[in-house]
Amino acid sequence: MDNLSLYTQINNLPANLKEQVRDFVEFLKMKSDKQKRPIKKREFGILKGKVTISKDFDAPIADFNDYM
């Protein structure tokens, strides 16, 4: 199907269907843009030294003493 016949068919649609066609075209463009972006490889250890756990992480919580 060439562009002219596609344009003619879209042009002959009622206004509400033209809006649906426009929405679908925008969706396809967005989907295409997502596929074009290169996927970044994860770098092992990138957050090393940025996340810490407190020394008493494994210590019992005082609020749960009644249940232990």
Side-chain angles (χ1 to χ4, degrees):
M1 181 177 284
D2 62 344
N3 291 340
L4 183 58
S5 62
L6 181 61
Y7 176 76
T8 304
Q9 287 183 358
I10 293 172
N11 199 31
N12 291 332
L13 291 174
N16 62 337
L17 292 179
K18 286 180 184 179
E19 289 178 25
Q20 289 184 11
V21 170
R22 184 199 59 200
D23 291 342
F24 185 65
V25 169
E26 288 175 2
F27 165 75
L28 290 176
K29 286 173 30 180
M30 182 179 64
K31 185 178 172 183
S32 175
D33 290 343
K34 283 184 179 180
Q35 291 176 351
K36 290 179 183 177
R37 285 187 255 160
I39 297 174
K40 295 180 182 178
K41 286 194 171 187
R42 295 181 183 170
E43 184 179 333
F44 183 75
I46 195 165
L47 294 177
K48 186 175 182 177
K50 298 191 186 232
V51 178
T52 58
I53 297 176
S54 64
K55 301 262 186 215
D56 64 344
F57 178 78
D58 290 328
I61 300 172
D63 293 340
F64 292 113
N65 285 340
D66 295 338
Y67 305 104
M68 296 174 108

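Under a hydrophobic clustering in which Ile, Leu, Val, Met, Phe, Trp and Tyr are joined whenever their side-chain heavy atoms come within less than 4.5 Å, directly or via other members, M30 and F24 fall into the same cluster.
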Which donor-acceptor pairs under 3.5 Å do side chains of residues 57-68 form with protein atoms, sequence neighbours excluded?
unit_1: N65; atom_1: ND2; unit_2: A62; atom_2: O; d: 3.3

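The list of side chain to side chain donor-acceptor pair (under 3.5 Å) pairs with a residue in residues 7-20, not counting sequence neighbours, is empty.
Partners of E43 by side-chain contact (heavy atoms from CB on, under 4.5 Å), not counting sequence neighbours, listed by chain and number: I46.
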